[in-house]
2 protein chains.
Amino acid sequence: MTPSSTRGLKRRAAFGEGRPRGKNRAARDKLDLAELNGHVGYFLRRLQVAIFKDFIETLADFDVRPAQYSVLVLIAANPGRSQAAISKTLNIERARLARMLHELERRQWVERRSAANDGRSHSLLLTPAGQKVLAQIKRLAARHEKQAAEMIGAERRAQLLALLREFG
Amino acid sequence: MTPSSTRGLKRRAAFGEGRPRGKNRAARDKLDLAELNGHVGYFLRRLQVAIFKDFIETLADFDVRPAQYSVLVLIAANPGRSQAAISKTLNIERARLARMLHELERRQWVERRSAANDGRSHSLLLTPAGQKVLAQIKRLAARHEKQAAEMIGAERRAQLLALLREFG
DNA sequence: TATTGTTATACTCTATAACTATA
DNA sequence: TATAGTTATAGAGTATAACAATA
């Protein structure tokens, strides 16, 4: 967790001096956002990037990215379903999902069986190793979610979650 | 605006039949999101992608992406500032900003002057042509924002904007 | 020594198209 | 004809590192 620009949103105002100088000169250079203040997409994007960054750092030991995590969770909760079903639910391009599953199969976390009723589709399952590692990954994901709550405030996180889930 | 997967979040339940078949079979395949239901980042990401998609489509005639738009707006509202100032405010890597400004300069929307007081930095300005085109772009961006409000509901958009701005 | 801007590389994600095999 | 999965390509965005010029 580096003291990078993302985290730098807060901090500040912790210096008793008038105008920050030297390394903190950057903080003074905040510009007028103008029309951006009226775009919900702008703020949505900023927060999403900050949260994904924390997710990636928190799960770095397993080298699991958010998209991979969402696929693993979906396979675990819906064993035997097809790539198309996962793809549609998560809005992941089937082309990209195919490559991602290759990687998850290489790690021996996921297994593809050809479906009994439809020769075209694959049934997706977690391997025993995959189930084991997912349990650990979920613990880290839960830790990340706590960190996100600290970052943005538990109250605001709850309100955001309610608003966003309500939509889709 | 295609009837793509993004928009497909709603629709459904508009069919008097029991289980949808054929083309609507996909709608039946919605899976259990399990732990994803507790991750604010997951829903944040979904909405951000949907909104950016609408932005890109609405501004397709000018071939302006969200990041480019934010840079143009910032330069217009803060003329003469450096690349470093823009970069820090928008959390865009300075390396990426350099390439983006190359493209905006190629279109003759932006001008780089070497700063008077600091030989290292550039003062960024819109050209007259850039100011003209930005006025049109802003009108389309306002239309996009209206569409976003229709998509997620004006009420929810306002609540989201308030929550998100309050944070960062 | 630190900062500004630049070039380069690598990886993730998105968007398409083309192809096969099955239905 | 349409769907499931695969491979390939191109572009955007992110993350680094290395470098020259300047402070």
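In the text below, chain A, chain B and the rest are named by the order of the sequence lines, each starting its count at 1. The figures that follow rest on heavy atoms only: side chains count, while hydrogens, waters and symmetry mates do not.
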Would you give me the side-chain donor-acceptor pairs under 3.5 Å for residues 124-135 of chain B, sequence neighbours excluded?
| from | atom 1 | to | atom 2 | distance (Å) |
| --- | --- | --- | --- | --- |
| Thr127(B) | OG1 | Gln108(B) | O | 2.7 |
| Thr127(B) | OG1 | Trp109(B) | O | 3.4 |
| Thr127(B) | OG1 | Ala129(B) | N | 3.4 |
| Thr127(B) | OG1 | Gly130(B) | N | 2.8 |

Protein-nucleotide distance ([X], atom [atom1]; [N], atom [atom2]), rounded to Å:
{"X": "Lys88(A)", "N": "dA4(D)", "atom1": "NZ", "atom2": "C1'", "result": "9 Å"}
{"X": "His122(A)", "N": "dA21(C)", "atom1": "NE2", "atom2": "P", "result": "12 Å"}
{"X": "Leu97(A)", "N": "dT7(D)", "atom1": "CG", "atom2": "P", "result": "13 Å"}
{"X": "Ile56(A)", "N": "dC13(C)", "atom1": "CD1", "atom2": "C1'", "result": "11 Å"}

*Under the ring-ring contact (aromatic ring centres under 6.0 Å, His included) rule, collect the residues that match up with Tyr42(A), sequence neighbours excluded.*
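With sequence neighbours excluded, Tyr42(A) shows a ring-ring contact (aromatic ring centres under 6.0 Å, His included) to no residue whatsoever.
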_Report for the helix from dT1(C)-dA23(D) to dA23(C)-dT1(D): angle between first-end and last-end helix axes, five pairs each, rounded to 10 degrees._
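About 0°, once rounded to a multiple of 10°.
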*Indicate yes or no: at least one non-hydrogen side-chain atom of Ile51(A) is less than 4.5 angstrom from one of Met151(A).*
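When only atoms from C-beta onward are counted, Met151(A) and Ile51(A) do touch, with a gap below 4.5 Å.
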Between protein and nucleic acid, restricted to nucleotides 10-16 of chain D and to nitrogen or oxygen atoms under 3.5 Å apart, what atom pairs and distances do you find?
| from | atom 1 | to | atom 2 | distance (Å) |
| --- | --- | --- | --- | --- |
| dA12(D) | O3' | Arg65(B) | NE | 3.4 |
| dA12(D) | O3' | Arg65(B) | NH2 | 3.4 |
| dG13(D) | OP2 | Arg96(B) | NH2 | 2.7 |
| dG13(D) | O5' | Arg96(B) | NH2 | 3.2 |
| dG13(D) | O3' | Arg45(A) | NH2 | 2.9 |
| dT14(D) | OP1 | Arg45(A) | NH2 | 2.7 |
| dT14(D) | OP2 | Arg96(B) | NH1 | 3.0 |

*asked:* Less than 4.0 angstrom between a side-chain N/O of Arg112(B) and OP1 or OP2 of dT6(C), yes or no?
replied: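 Result: yes.
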_Arg112(B): partners by side chain to side chain donor-acceptor pair (under 3.5 Å), with sequence neighbours left out_ =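 Scan of Arg112(B) (side chain to side chain donor-acceptor pair (under 3.5 Å), adjacent residues dropped) gives Gln83(B), Glu105(B).
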For nucleotides 20-23 of chain D, which of its nitrogen or oxygen atoms have a protein nitrogen or oxygen under 3.5 Å away, and what is each distance?
| from | atom 1 | to | atom 2 | distance (Å) |
| --- | --- | --- | --- | --- |
| dA23(D) | OP1 | Gly119(B) | N | 2.7 |

